[in-house]
Amino acid sequence: DAGITQSPRHKVTETGTPVTLRCHQTENHRYMYWYRQDPGHGLRLIHYSYGVKDTDKGEVSDGYSVSRSKTEDFLLTLESATSSQTSVYFCAISVAGTANYGYTFGSGTRLTVV
Amino acid sequence: GQQLNQSPQSMFIQEGEDVSMNCTSSSIFNTWLWYKQDPGEGPVLLIALYKAGELTSNGRLTAQFGITRKDSFLNISASIPSDVGIYFCAGQELTGANNLFFGTGTRLTVIP
C-alpha cells in the first residue's frame, strides 16, 4: 500500500463530545486531505494541508478543525460532534497539489454519532 | 461547491456485458479522473485524463475527456465479477487550491 493509515477504523461517540481522527503517512508527501463520504454526495472535502502548520478549509469545513504539526500526521477534530457528522471519513495524500501525481486514499474511518 | 452529476446511480449487468457511465459538470475542469471503491476501502485511481478530447485506456477500461471540458465517460468492456464496486468521477481545477470534486458515484453489480 501507499503508506497511509487512518485511526481509528470505527468509532461511536455521543453528541456533544469532541472527537479526533488521525491520518498518518510514511510517504513524506506535502499535501494531505480530509474528505467525508455520504450517500448521494460522493466525497466532499473538509480541510486540507499543503505543509506543516499550513491548512485551509474545504467545501464542508463547518464544525471541523485540523492540525498538522508534523509532515506525517494530519488530525481532524470534530469540536462538538453532531448526528449530521455521522459519516465515513477518508484521508488522502498527494506529492503535489495536482491530480497528475495522484491522490492516494486511506481505508477510511466510520464514525457514528449517537 | 462544484456539482458533478454522475449517471447512472446504479447498474446491474450480466458478466461479459459492457458498461458505460458518465459524469457532467456545471464547471470546466482541467483534469478528469475515475476512481473505483471496494467495500470498506478508499477510492483507487483507475484512469486520469489531462486534456479535452483525450481518450485513454487501462486494460478493459476506457475513459474520455469531453471536448467541452465539462464531461467525461468511462466504459468497461467484458465485465467480470471483480468489477463490482462504486465508481466515482472527479474533476480538478487548476486554480486556487487545485482541489478534487467528486461525483455521486455509480454502484456496479455484476451478475455471474
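Residue numbering restarts at 1 for every chain, and letters A, B, ... go by the order of the sequence lines.
The 12-atom threshold is exceeded at CD of B:Gln14, counting heavy atoms of other residues, nucleotides or ligands nearer than 6.0 Å. Around the CD atom of B:Gln9, the shell of radius 6.0 Å holds no more than 12 heavy atoms that belong to other residues, nucleotides or ligands. Open room surrounds CZ on B:Arg107; 12 or fewer heavy atoms of other groups in view lie less than 6.0 Å from it.
Put simply, B:Leu74 and B:Val84 are part of the same group of oily side chains (I, L, V, M, F, W, Y) that touch within less than 4.5 Å, one to the next. With hydrophobic clusters built from ILVMFWY side chains whose heavy atoms lie under 4.5 angstrom apart, A:Leu75 does not share a cluster with A:Tyr31. Linking Ile, Leu, Val, Met, Phe, Trp and Tyr residues whenever their side-chain heavy atoms come within less than 4.5 Å leaves B:Phe73 and B:Tyr35 in two separate clusters.
In this structure, chain B has no heavy atom under 4.5 Å from any part of A:Arg110. B:Gln37 touches chain A through its side chain: at least one heavy atom from C-beta onward sits under 4.5 Å away, while N, CA, C and O do not. For A:Tyr50, no part lies near chain B; criterion is any non-hydrogen pair under 4.5 Å.
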One pair to check against side chain to side chain contact (heavy atoms under 4.5 Å, CB included): B:Glu41 and A:Phe90. What are the steps and the verdict? CA-CA 9 Å; B:Glu41 298 297 328; A:Phe90 287 98; over 6 Å; no
Show, in sequence, the C-alpha distance, side-chain angles and deciding distance for A:Phe105 and B:Val44, and conclude whether the side chain to side chain contact (heavy atoms under 4.5 Å, CB included) test is met. CA-CA 7 Å; A:Phe105 285 84; B:Val44 174; over 6 Å; no
Let me see the working for B:Leu45 and A:Tyr103 under side chain to side chain contact (heavy atoms under 4.5 Å, CB included), right down to the final yes or no. CA-CA 8 Å; B:Leu45 182 65; A:Tyr103 283 42; over 6 Å; no
Show the numbers, then the answer: is there a side chain to side chain contact (heavy atoms under 4.5 Å, CB included) between A:Leu45 and B:Phe101? CA-CA 8 Å; A:Leu45 182 65; B:Phe101 297 92; over 6 Å; no
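One distance of note links OG1 of B:Thr104 with CD of A:Gln37; it measures 11.0 Å at 0.5 Å rounding.
Pairing each heavy atom of A:Leu43 with each of B:Phe102, the nearest pair is O-CB, 3.6 Å.
In terms of non-hydrogen atom pairs under 4.5 Å with chain A, the most contact-rich of B:Gly105, B:Ala90, B:Gly40 is B:Gly40.
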